[in-house]
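Below, read A as the first sequence line, B as the second, and so on, with proteins coming before strands; counting in each chain starts at 1.
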Amino acid sequence: MRLVPLSDKVIVRRLEGEEQTAGGIVLPDSARQQPQIGRVLSVGDGRRLPDGSLVPHQVHEGERVVFERYAGNEVEIDGEKLLIMREDDILAVLES
Amino acid sequence: MRLVPLSDKVIVRRLEGEEQTAGGIVLPDSARQQPQIGRVLSVGDGRRLPDGSLVPHQVHEGERVVFERYAGNEVEIDGEKLLIMREDDILAVLES
Amino acid sequence: MRLVPLSDKVIVRRLEGEEQTAGGIVLPDSARQQPQIGRVLSVGDGRRLPDGSLVPHQVHEGERVVFERYAGNEVEIDGEKLLIMREDDILAVLES
Amino acid sequence: MRLVPLSDKVIVRRLEGEEQTAGGIVLPDSARQQPQIGRVLSVGDGRRLPDGSLVPHQVHEGERVVFERYAGNEVEIDGEKLLIMREDDILAVLES
Amino acid sequence: MRLVPLSDKVIVRRLEGEEQTAGGIVLPDSARQQPQIGRVLSVGDGRRLPDGSLVPHQVHEGERVVFERYAGNEVEIDGEKLLIMREDDILAVLES
Amino acid sequence: MRLVPLSDKVIVRRLEGEEQTAGGIVLPDSARQQPQIGRVLSVGDGRRLPDGSLVPHQVHEGERVVFERYAGNEVEIDGEKLLIMREDDILAVLES
Amino acid sequence: MRLVPLSDKVIVRRLEGEEQTAGGIVLPDSARQQPQIGRVLSVGDGRRLPDGSLVPHQVHEGERVVFERYAGNEVEIDGEKLLIMREDDILAVLES
């Protein structure tokens, strides 16, 4: 079974514990908004502009991303918890 | 009797119990927003852009979809409970 | 005396009791938003796009429609209660 | 002395008592929003579109109109109470 | 010293007492929004449209205008209290 | 050290006491919104329109301006307190 | 490991203590909004206009910037606390 995101939606698997901090990234315990880290599993066909054309996604399958803490809806598929969020909720890509 | 959705509206039959989890999808009991699962019964003729043209729907009759938990208005027609929602409320299509 | 709706407005007579459920539709008593059912009496000349052109109404005189529960302003004309609502408040057309 | 409404503004004299119900219209005492009835005294030169052009008013001097209950600002001129409202606040024209 | 309003701003001197009611206008004590009356002292060069062009002001120096009660910022210049408001806050022009 | 404002931002030095009232302007103690007075130190390269072009600033270095009371962020640079605000927060230019 | 900001996002390292005040800038303790100071580490490829084209960032890697106090999400990467913010949150560039 496969989850296919619509238009500007992105499917992300949240990384936790060691998997998340691999490479030295840490989410500090501060008064600011704390993002989360995950891996992109699939992306929709893009965001539609007012003139009807599509802007392709900037993130790609397999990339590790930092996203807003409360972004997304959560589903569990074949035993794996996934988030469905808008690309707008993604702040940056983590390159190793 | 048939329910014909207008423009960007979509008619969805909510799936519950075993019918919903068929194929291994589960909606985890978490602090995040929990979506729901349903099957598309019919779609309107699409969303109208500011220039007046129509963007056809991305979901199609018969597809299984994941949608925002509180999306839609509920009616019961010929003994079947249906939801009328906007396509924007649909997050992803479930392919088996 | 006749009530002529402006632009994107639609005049609807709400159906109640048996008249409403004729054909098997029921509004279930649930926690979700419950729409209502009515018959279209007249429509304005359409919604104006930002470029000034008009999109004609999708609903037509005589059609039975499902609309958002709290849509519209109510007036009573020649002894008949009518609702004046925007077409946006109409969710679907009921075809027999 | 004359009150000249700007752009999308309309000057309306509210009708009350018998003058209002003449022709059989009644504003029922219900839980819904209750509109009011008035006569158009003058209209501005229209609503400006984003490209700068003007859409002329759909209502005309002398017409009887149904408008949102709390629409408009009230002034009294030469002993007559007038409302200055936007055309958007007008729902329908009453034709006899 | 002279106050030059920017773009869509208008400088208005509020009229009070006899000066305001001259010509028979009265602001009734009602439950509705009560506007105020003033004289236009100067206007900016107009409102800018999304395409960058300017729409000149509809009100002119010297005109008596009716405006929203709480419109504007107040300054006192050479002993005279003035209001700086947007033209959008002006409802109508009073012609004698 | 120099503070260079971005796009539609303007750097303003707030005037207080005698410097502010020079020329006869006073900010009356009223129930209305009270603006403040300052001198423009530098301006960004302008506001960007939806089509990507720039509208140059209407205020210029050295001008005395009236601005919304709570406009801007405050910094102190080389011992001088400065405000960084949007041009939208500026109501009028004071010409002597 | 490298953090690559998306579209209109900017990665900023907040400056504190002596590093921040170097050059004479101070954030006064006032009732107004207090911005913060940081150094730009990297920028996305720009903000997308409604027609789909990109406006490149106005700030560049290495620049010292003043930004809104509560702007951004905080992450810690290789022991360094970073902020991911939108360019809109940046008020001015500090040139020495």
- Message: Show, in sequence, the C-alpha distance, side-chain angles and deciding distance for B:L94 and A:I77, and conclude whether the side-chain contact (heavy atoms from CB on, under 4.5 Å) test is met.
- Response: CA-CA 10 Å; B:L94 261 171; A:I77 188 164; 3.7 Å; yes
- Is it the side chain or the backbone of A:S7 that comes within 4.5 Å of chain B heavy atoms, both, or neither? both
- Message: Does any backbone or side-chain atom of B:V66 lie under 4.5 Å from a heavy atom of chain A? Answer side chain, backbone, both or neither.
- Response: side chain
- Under 4.5 Å to a heavy atom of chain A? For B:V59 that would be side chain
- To the nearest 0.5 Å, tell me how far B:E68 CD sits from A:I84 CD1. 9.0 Å
- Query: Can you tell me if CZ on A:R39 sees more than 12 non-hydrogen neighbours from other groups inside 6.0 Å?
  - Reply: yes
- Item | Closest contact, heavy atoms only, A:K9 versus B:L91 | CG-O, 3.5 Å
- Message: Just so I know, are the side chains of B:V93 and A:L3 near enough to count as touching, which here means a heavy-atom distance under 4.5 Å?
- Response: no
- Query: Which residues in residues 44-51 of chain B have a heavy atom less than 4.5 Å from any heavy atom of chain A?
  - Reply: B:R47, B:L49, B:P50
